[in-house]
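Order of listing sets the numbers, starting from 1, for every ligand and every atom in it. Treat the numbers as computed from the prediction; the structure is a model and nothing was measured.
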Amino acid sequence: MLAVEDLTQREAEAELAALAAEIAAHDRAYHQNDAPTVSDAEYDALRRRNEAIEARFPKLVRSDSPSRRVGAPVAAGFEKVVHAKPMLSLGNAFSAEDVREFLARIRRFLNLPEAEPLEIVAEPKIDGLSVSLRYEQGRLVQGATRGDGAAGENVTANLRTLDDIPTEIRAGEVPAVFEVRGEVYMSRADFAALNVRQQERGGKIFANPRNAAAGSLRQLDAGITAQRPLRMFAYAWGEVSRLPVKSQGEFLELLRSWGFRTNPLVVVCTGADALLAHYAAMESQRATLDYDIDGMVYKVNRLDWQERLGFVSRAPRWAIAHKFSAERAETVLNRIDIQVGRTGVLTPVAHLEPVTVGGVVVSRATLHNEDEIARKDVREGDRVIVQRAGDVIPQVVEVVLEKRPAGSRPFVFPEVCPECGSQAVREEGEVARRCTGGLICPAQAVERLRHFVSRDAFDIEGLGGKHIEAFWKDGLIKTPADIFRLPGRTEEIAEREGWGEQSVRNLVRALGERRTIALERLIYALGIPQVGRATARLLARHYGTFERWRAAMTAARDTDSEVYRDLINIDGIGPGMVGDILAFFAEQHNGEVLDDLVGTKETEKKEWQLTVEPFQAPAVQASPIAGKTVVFTGTLETMTRGEAKARAEALGAKVAGSVSKNTDYVVVGADAGSKARKAEELGVATLSEADWRALIG
Ligand code: IVH
């Protein structure tokens with residue numbers, strides 16, 4: 001980071017903008033989500049830097065500067081939106097009886113003759129959160145949550161980030177006002193992946209896809225929503241100046257033709273028996289769907305009949321929700337085990353008395369992390385409620401406290417790794433406790449070794465993840481250095497199935513080629529949590545040589561030191577990463593692994609030990625795209641995405657994954673989707689592949 005005295009006006013301006021955003025984000029995390037993401041000291045440092053820059057450039061003080069805000073900021077929420085038409089709820093049917101009565105009531109109300117068929121649309125009841133989208137002259141002008149039905153929250157910016165929501169309806173004649181309603185949800189697979197990411201970076205763990213969807217949509221920073229895989233099924237309308245259809249079935253078709261997603265499992269049934277048979281079929285199919293549904297919604301198909309039926313209190317007479325039985329059950333929690341994952345995260349797992357939940361026998365459930373156990377006060381021997389949502393790992397929802405056995409004790413979360421005995425630590429602000437054993441922890445070893453030889457790390461020809469796993473199992477390799485000692489064990493390898501003299505010779509040659517390695521690759525290969533390729537490169541560039549880097553990382557353990565400040569000041573390296581890097585170096589075993597791999601000053605270099613090349617800054621040619629931000633989308637014809645990216649970076653451009661107003665160019669290949677649209681919307685220049693090639697020469 002540049003000293004304040006050395007900043008140019010432009011640099012100061014840019015930094016003040018970044019600081020305002022960063023400090024505001026920390027304020028939100030702290031005040032609204034009760035989840036600070038930085039330490040107090042780090043936060044204070046940001047505010048001091050902001051003040052120092054403002055003192056030197058008083059003209060640049062922003063209207064939203066953190067220094068202008070006094071005390072704690074108000075917990076700004078979302079603006080309220082009164083729905084033009086209230087968002088109603090549905091009456092419930094729990095039994096076949098209730099469903100028959102629902103149909104009979106409608107027939108009575110409409111006075112339908114026996115012979116007159118009554119068509120009912122059966123739609124899955126999506127377990128998400130309902131939203132209302134208001135289009136005026138075909139343009140999305142407002143998006144709101146349901147709230148209490150009368151008024152919700154204005155989440156327009158957030159909803160705009162969903163691929164399933166068109167920002168414009170492109171059709172011949174779109175009614176002047178058209179409100180589309182539907183359910184925002186997260187698929188089970190996306191939910192599970194999100195929780196893994198959250199767990200790894202110590203973020204909030206969501207209890208189920210519904211909570212994850214709600215939490216992701218209700219973000220004050222729409223940028224976060226944009227990174228969450230939210231989807232939407234449209235199924236109803238609110239205020240409309242004209243409704244050019246005569247039935248719910250036609251309405252759904254209209255929505256599809258306008259670019260909305262509607263549920264593919266909607267059917268039209270006539271009569272209670274057909275409805276009930278369909279209900280049974282859906283209930284048994286439920287667990288195989290990629291999203292949660294908690295029942296079926298039945299709607300009278302004909303809109304003129306809906307009109308006549310109208311509403312009773314807050315629910316339509318023409319629709320009802322037929323709920324499924326709960327996917328929950330009560331059982332005994334026999335034992336809590338701690339599992340150690342690939343990145344060393346300690347995850348508590350509940351071993352249960354087997355119980356059937358939603359048709360599947362469950363004997364294990366996740367307890368997520370230390371805080372969750374404490375919050376729910378889950379103890380061994382407790383009776384607990386278990387919940388299952390399809391293929392998602394079952395969860396312990398709560399303890400049945402009334403049935404707690406006498407003499408039970410709170411669960412004590414271990415502070416050492418149960419696999420290797422190393423310290424298991426929690427970094428400030430993180431919920432995950434992590435084993436620091438790194439390369440010596442057997443639970444992490446194989447995955448780490450696989451990572452060590454992966455393509456962006458050592459990339460050893462002929463030595464893939466599968467080989468690593470097999471060699472590890474048979475004790476041929478335990479640590480990274482063992483990989484480079486393999487040439488000393490050629491006879492053993494040659495005897496293995498699938499290996500011959502030639503392939504062993506090739507392996508020895510490949511190992512030889514990789515014994516000289518670029519610093520950034522080595523750093524990346526170590527598999528330090530949160531240190532990906534980009535971070536590894538930043539570190540390599542900053543420290544230049546392996547020796548300097550290692551010495552600095554060791555010295556930075558003293559957080560009062562200059563070396564530590566220098567590390568946290570590297571642009572692009574956050575406090576969380578620094579914590580992980582320092583924890584890695586704090587563990588003695590990791591130091592030993594590095595000594596073994598690279599050697600030490602005191603000992604003579606062994607023939608198989610590595611030579612680490614200092615960082616070499618690429619010579620950046622003067623190029624028309626230097627400093628520009630480029631996004632690639634769609635399929636390129638003359639080069640792969642990887643090549644295109646490498647080329648752009650070599651010419652000094654930044655390659656981003658998503659389009660924002662900071663994007664300079666979007667290169668559009670074949671079958672490009674939402675990114676190309678987004679570029680158009682934001683007025684970002686789009687280039688064809690040919691334009692792009694012409695630009696970069
Ligand atoms: S129709 C006036 N259709 O269920 C009727 N609702 O319990 C408005 N829901 O608040 C709702 N899937 O959040 C309708 N296919 C579907 C639905 C659905 C889920 C939710 C919606 C509503 C709640 C009512």
One thing to verify: whether R426 and D371 come together as a salt bridge, which I'm taking to mean a side-chain N less than 4.0 angstrom from a carboxylate O. yes
Would you check if E680 and K675 make a side-chain contact, meaning some heavy-atom pair closer than 4.5 Å? no
At a 4.0 Å threshold, what atoms of ligand 1 neighbour a non-hydrogen atom of P124? 12 (N), 15 (N)
Above 12 or not: heavy atoms from other molecules or residues under 6.0 Å from CZ of R256? yes
Distance to 0.1 Å, residue and atom name: give those for the protein heavy atom nearest to atom 2 (C) of ligand 1. P316 CG, 3.7 Å
Among all protein non-hydrogen atoms, which one is nearest to atom 5 (C) of ligand 1, and what is the separation to 0.1 Å? L90 CD2, 3.6 Å
Heavy-atom pairs closer than 4.0 Å: do any link ligand 1 to the side chain of V297, the backbone, both, or neither? side chain
For ligand 1, note which part of A321 has a heavy atom under 4.0 Å away: side chain, backbone, both or neither. neither
Run the salt bridge (charged side-chain N to carboxylate O under 4.0 Å, His left out) test on K80 and E153 for me, step by step, so that the C-alpha distance in whole Å, both residues' side-chain angles and the decisive distance to 0.1 Å come before the verdict. CA-CA 5 Å; K80 274 229 155 158; E153 291 167 318; over 6 Å; no
Report the nearest protein non-hydrogen atom to atom 23 (C) of ligand 1: residue, atom name, distance rounded to 0.1 Å. K125 NZ, 3.9 Å
Measure the distance from atom 12 (N) of ligand 1 to every protein heavy atom, then report the residue, atom name and distance (to 0.1 Å) of the closest one. I126 N, 3.0 Å
Ligand 1 atoms nearer than 4.0 angstrom to some heavy atom of E123 are 3 (N), 15 (N), 16 (C)
Verdict with reasoning, R335 to E380, per salt bridge (charged side-chain N to carboxylate O under 4.0 Å, His left out): CA-CA 5 Å; R335 195 176 81 247; E380 292 180 334; 5.9 Å; no
Under a 4.0 Å heavy-atom limit, does E183 contact ligand 1 with its side chain, its backbone, both, or neither? side chain
Of F311, F233, Y235, which has the heavy atom at the shortest distance from atom 16 (C) of ligand 1? Y235
Show the atoms of ligand 1 that are less than 4.0 angstrom away from any heavy atom in S130. 10 (O), 13 (O)
Would you call the rings of W318 and F311 parallel, tilted or perpendicular, taking 30° and 60° as the class edges? perpendicular
Anything under 30° is parallel, anything over 60° is perpendicular, the rest tilted; go ahead and classify Y279 against F324. tilted
Relative to ligand 1, is R181 under 4.0 angstrom through side chain, backbone, both or neither, heavy atoms considered? neither
Hydrogens and angles aside, do N334 and E353 bring a side-chain donor and acceptor to less than 3.5 Å of each other? yes
Using a distance-only test with no angle check, is there a side-chain donor-acceptor pair under 3.5 angstrom linking E123 and Y235? no
To check your reading of the model: name the closest protein heavy atom to atom 3 (N) of ligand 1, its residue, and the distance in Å. K299 NZ, 3.0 Å
